[in-house]
Amino acid sequence: MPTTQAVQLPESSLSGPVSLEEALAQRRSIRGFSDHQVTLAEIGQLLWAAQGITEPRRGLRTAPSAGATYPLEIVVIVGRAEGLAPGVYRYAPGRHALTPLLQDDQRQSLTRAALNQSALLQAPVTFAVTAVHARTESRYGQRATRYVDMETGHAAQNLSLQAVALGLGSVVIGAFDDQDVAALLDLPPGEAPLYLIPVGRPR
Ligand SMILES: Cc1cc2nc3c(=O)[nH]c(=O)nc-3n(C[C@H](O)[C@H](O)[C@H](O)COP(=O)(O)O)c2cc1C
């Protein structure tokens with residue numbers, strides 16, 4: 001039976017040993033990863049950096065959003081993680097929890113859908129930034145396309161810098177087959193994948 005129970009993520013940390021300046025200076029695209037598992041706490045911290053709620057009263061997040069329309073979603077493809085079964089999960093920022101979408105290690109199919117880029121096969125976990133453009137289009141019309149792309153950059157950079165601060169590496173991947181990735185992740189109509197970000201311990 002597929003598990004449908006949400007996975008609560010550990011509370012995110014607001015301090016760490018690496019300064020923002022050090023993280024900026026050290027960030028480099030990493031495409032080769034060791035066999036080390038990532039932990040549930042690391043996954044939670046990376047998700048918080050990308051889209052975590054920092055002002056619960058108004059639901060505001062770590063990354064800015066045009067008119068606070070929040071079109072972005074984060075889908076997590078888990079291969080090897082301590083405390084989390086292989087599979088595909090969706091981040092629920094309001095609960096800081098993961099909702100299971102699919103079971104089993106999907107990294108081979110994900111790699112195939114992205115021009116066989118080996119970073120996706122090696123990385124213990126990949127974060128897909130996806131967007132529901134309609135949320136932002138309802139307020140901004142055609143300009144939403146630009147706003148959603150900008151927001152994706154904000155979220156991805158937050159995640160990339162948090163990875164450095166955790167002693168992890170990442171690369172942002174924009175080259176993939178949109179339809180194949182959407183089908184693999186079982187995205188509902190109207191939700192598009194924009195970035196794949198494999199993360200792991202640098203090899
Ligand atoms: C929009 C965008 C798309 C990218 N797509 C890919 C990709 O598909 N595969 C990949 O290995 N790197 C990808 N990159 C990473 C760049 O190759 C990388 O940032 C660049 O070589 C500079 O190196 P640095 O990130 O270490 O500073 C992408 C970067 C951006 C900004």
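Since the model is a prediction, treat every value here as computed from it, not as a measurement. When a ligand or atom number is given, it counts from 1 through the structure's own listing order.
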Query raised in the report: Between Y70 and R135, is there a cation-pi geometry (under 6.0 Å to ring centre, at most 45° from the normal)?
Result: no

**Report entry** Atoms of ligand 1, numbered as shown, that sit under 4.0 Å from any heavy atom of G174
**Finding:** 3 (C), 4 (C), 5 (N), 6 (C), 7 (C), 8 (O)

Report task. Taking atom types as modelled, find out whether R80 and Q37 have a side-chain donor-acceptor pair closer than 3.5 angstrom. Result -> no

**Report entry** Q122-R107 side chain donor-acceptor pair, cut-off 3.5 Å
**Finding:** no

Query raised in the report: Given that the side chain starts at C-beta and the backbone is N, CA, C, O, which of these parts of L115 lies under 4.0 Å from ligand 1, counting heavy atoms, or is it both or neither?
Result: neither

Query - Sidechain-backbone polar pair: S118 side chain, L121 backbone, donor-acceptor under 3.5 Å - result: no

Query raised in the report: Quick one: which of V172, D149, L194, T152 has a heavy atom closest to atom 29 (C) of ligand 1?
Result: V172

Requested in this report: Distance to 0.1 Å, residue and atom name: give those for the protein heavy atom nearest to atom 18 (C) of ligand 1.
Outcome: S29 OG, 3.4 Å

Query - ligand 1 atoms in contact with A175 (distance to a heavy atom under 4.0 Å) - result: 8 (O)

Query raised in the report: Would you say R28 and ligand 1 have an N/O pair spaced under 3.5 Å apart?
Result: yes

Report task. Search all heavy atoms of G200 against all heavy atoms of V38 and return the closest pair with its distance. Result -> CA-CG1, 4.4 Å

Report task. Run the numbers for me: atoms of ligand 1, each under 4.0 Å from some heavy atom of Q117, listed by number. Result -> 7 (C), 8 (O), 9 (N), 10 (C), 11 (O)

Query raised in the report: Which ligand 1 atoms are under 4.0 Å away from a heavy-atom of R27?
Result: 24 (P), 25 (O), 27 (O)

Query - Sole candidate of V88, I173, D105, L120 that passes side-chain contact (heavy atoms from CB on, under 4.5 Å) when paired with L110 - result: L120

Query raised in the report: Are any non-hydrogen protein atoms located under 4.0 Å from atom 7 (C) of ligand 1?
Result: yes

Query raised in the report: Are a donor atom and an acceptor atom from the side chains of E73 and T130 found within less than 3.5 Å of each other?
Result: no

**Report entry** Nearest protein heavy atom with distance in Å, relative to atom 12 (N) of ligand 1
**Finding:** R31 NH2, 3.3 Å

Query raised in the report: Heavy atom of Y195 under 4.0 Å from ligand 1?
Result: yes

Report task. Would you please test R90 and E191 for salt bridge (charged side-chain N to carboxylate O under 4.0 Å, His left out) and show each step? Result -> CA-CA 13 Å; R90 182 183 289 276; E191 183 172 343; 3.0 Å; yes

